[in-house]
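Right, one structure below, let's go through it.
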Amino acid sequence: MPMKTATPAPATLAQLHHLLDAGAALSPTYRGRLSNHLPMAQQALLELGASVERLQAWSEAYETQLEPRVSARPASVGFERDLGRPDSEVAWHAHFAARIEAVGSAVTLREALPVLLDGAGAIAFHGLIRTGHAVLAGHEGELAAGLAHWAAHHLPLPTTHDGPPLALADWLQALRQLPRPDYPAGSFIADRMRAWGTSPDFAAVAGRLLHRPDTLRDLALLAARTYAATGNFTVLHLLTACHAMSVLEPWWPTHDLARGFSVAAAAGLLASGAAPALTLDHSPSCPWPALIAAACEHDDVHVIKLTHAAWRLDRRWPDPAWRRAVERAIPL
């Protein structure tokens, strides 16, 4: 009789926390302006059920491209003075770590979100996304790091109110009619979003999306369907950002979706250059277990995070678009 192969033990929350503690020695950015995705993907792999060995091996491989955190004496920072200054990230980290120690994670989130959500697109949504993964990880040090990444790269996009609210389809049509601002080919996502934010035409339209109780769901499904149709890398970030917003919903400053997020979503969609898809290109064919197993063995950090976000969103708002989006990233 053939011997049965032992099923690898799944990673544990304690292992994740150990890895997050070790990762605190690494810089939040590398190669100049790229966000360190290590802690985000580690949390996603844990929740997707990756084995102890896989989580460790993937972490060691990804770490090879990262850089050590710069040692610096943190200065004091203030929300009115230092938001959006990348050189203030060390100081923001110290600020949020002190607030979490003093008042706890929940109160710190309630203090920070009313300000940070106005710049939700910070560093291509990665401040928001890292914060969402930190909440799911239940790790205070990682939460301080996520909030600091968001604050240091805060990206407010000014808007005006030059017309009545627009339903989603009408809002998308109005956005697509806007003239494209100048930016070089190959620009970073955040640079393209910032360029759109400086356009008066964008300011007159982006803030006019009609917000309803299901607006976050509608934006998330828009991102999933558009990614399924196009495989666009920037749209992938919008989908994972929508997931992060859903994670942070208990600490939103009001029951309504923050206007700053829908404005950032508009900039992200325009920066992508992709045609928005309000319907699904075709139905998915792969079940979740196969997609999740493939994601856990995948080396691409964005595939891991997309699968995790789509899987969690499907549990909240069941729809075939989530699996179809993952199929686009992981053709099986």
Side-chain angles (χ1 to χ4, degrees), residues 28-37 40 77-93 95-96 109 111-134 145-160 175 178 180-184 186-209 216 219 223 232-245 247-248 252-253 257-273:
T29 56
Y30 66 103
R31 296 181 192 168
R33 296 171 54 201
L34 297 176
S35 282
N36 169 3
H37 289 60
M40 298 180 267
V77 286
F79 281 117
E80 295 183 2
R81 184 182 70 239
D82 298 301
L83 286 174
R85 283 185 43 225
D87 63 348
S88 69
E89 189 153 353
V90 171
W92 278 115
H93 191 283
H95 167 82
F96 286 119
L109 283 165
E111 290 176 349
L113 289 188
V115 180
L116 295 181
L117 284 169
D118 283 342
I123 199 162
F125 297 102
H126 285 117
L128 163 64
I129 297 166
R130 185 166 180 174
T131 299
H133 281 285
L147 291 170
H149 201 47
W150 193 346
H153 298 273
H154 194 247
L155 184 61
L157 301 172
T159 60
T160 58
L175 289 174
L178 298 177
R180 177 189 178 280
D182 291 330
Y183 45 74
S187 297
F188 283 103
I189 295 171
D191 290 339
R192 301 198 302 271
M193 292 173 64
R194 185 178 290 106
W196 278 102
T198 62
S199 163
D201 298 308
F202 174 86
V205 174
R208 291 174 56 196
L209 176 64
L216 178 59
L219 287 173
N232 185 279
F233 184 64
T234 301
V235 174
L236 181 153
H237 287 79
L238 178 56
L239 193 158
T240 53
C242 287
H243 168 251
M245 282 296 294
V247 171
L248 297 180
W252 288 2
L257 179 66
R259 186 72 52 181
F261 181 75
S262 58
V263 171
L269 285 167
L270 290 169
S272 76

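- Residues Leu147 and Trp92 are not in side-chain contact: their nearest non-hydrogen atoms beyond the backbone lie 4.5 Å or more apart.
- For the atom pair His243 NE2 and Leu216 CG, the distance stands at 10.5 Å (nearest 0.5 Å).
- To the nearest 0.5 Å, atoms CG (Leu116) and CZ (Phe261) are separated by 14.0 Å.
- Side-chain atoms of Met40 and His126, non-hydrogen and from C-beta on, do get closer than 4.5 Å to each other.
- Heavy-atom minimum distance, Asp82 versus Ser88: O-OG, 3.5 Å.
- When atom types are taken as modelled, the side chain of Trp150 and the backbone of Gly119 share a donor-acceptor pair closer than 3.5 angstrom.
- Nearest approach of Ala120 to Phe125, heavy atoms of both residues: O-CD2, 3.5 Å.
- Here the CD1 atom belonging to Ile123 is positioned 8.5 Å from the CZ atom belonging to Phe188, to the nearest 0.5 angstrom.
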Checking side-chain contact (heavy atoms from CB on, under 4.5 Å) for the pair Leu113/Thr131: CA distance, chi angles, key distance, verdict?
-> CA-CA 11 Å; Leu113 289 188; Thr131 299; 5.5 Å; no
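- Ser187 approaches Asp191 most closely through the heavy-atom pair CB-CB, 4.4 Å.
- Under 3.5 Å, the side chains of Thr234 and Arg192 contain a donor-acceptor pair of N or O atoms.
- Using a 4.5 Å heavy-atom threshold, the side chains of Phe233 and Ile189 count as touching.
- Ring geometry for His237 versus His37: interplanar angle over 60°, hence perpendicular rather than tilted (30 to 60°).
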Derivation of the side-chain contact (heavy atoms from CB on, under 4.5 Å) call for Asn36 and His149 = CA-CA 10 Å; Asn36 169 3; His149 201 47; over 6 Å; no
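- The shortest distance between side-chain heavy atoms of Glu89 and Pro28 falls below 4.5 Å.
- To the nearest 0.5 Å, atoms CG (Leu209) and CZ (Arg259) are separated by 6.5 Å.
- The CZ atom of Phe79 sits 7.5 Å away from the CD atom of Glu111 when rounded to the nearest 0.5 Å.
- Remark: Trp252 CH2 to Leu109 CG distance equals 14.0 Å, nearest 0.5 Å.
- Between Leu178 and Ser199, the closest side-chain pair of non-hydrogen atoms is not below 4.5 Å.
- Considering only heavy atoms from C-beta on, Leu128 comes within 4.5 Å of Leu248 through its side chain.
- In plain terms, the two heavy atoms of Pro253 and Pro114 that are nearest each other are CB-CG, 3.8 Å.
- The shortest non-hydrogen separation linking Ala148 to Phe96 is N-CD1, 3.7 Å.
- Not one N or O on the side chain of His133 forms a donor-acceptor pair closer than 3.5 Å with the backbone of Gly146.
- Met193 and Ala264 get closest at one heavy-atom pair: CE-O, 3.6 Å.
- Two residues are said to be in side-chain contact when any heavy atoms from C-beta on lie closer than 4.5 Å; Trp196 and Tyr183 meet this criterion.
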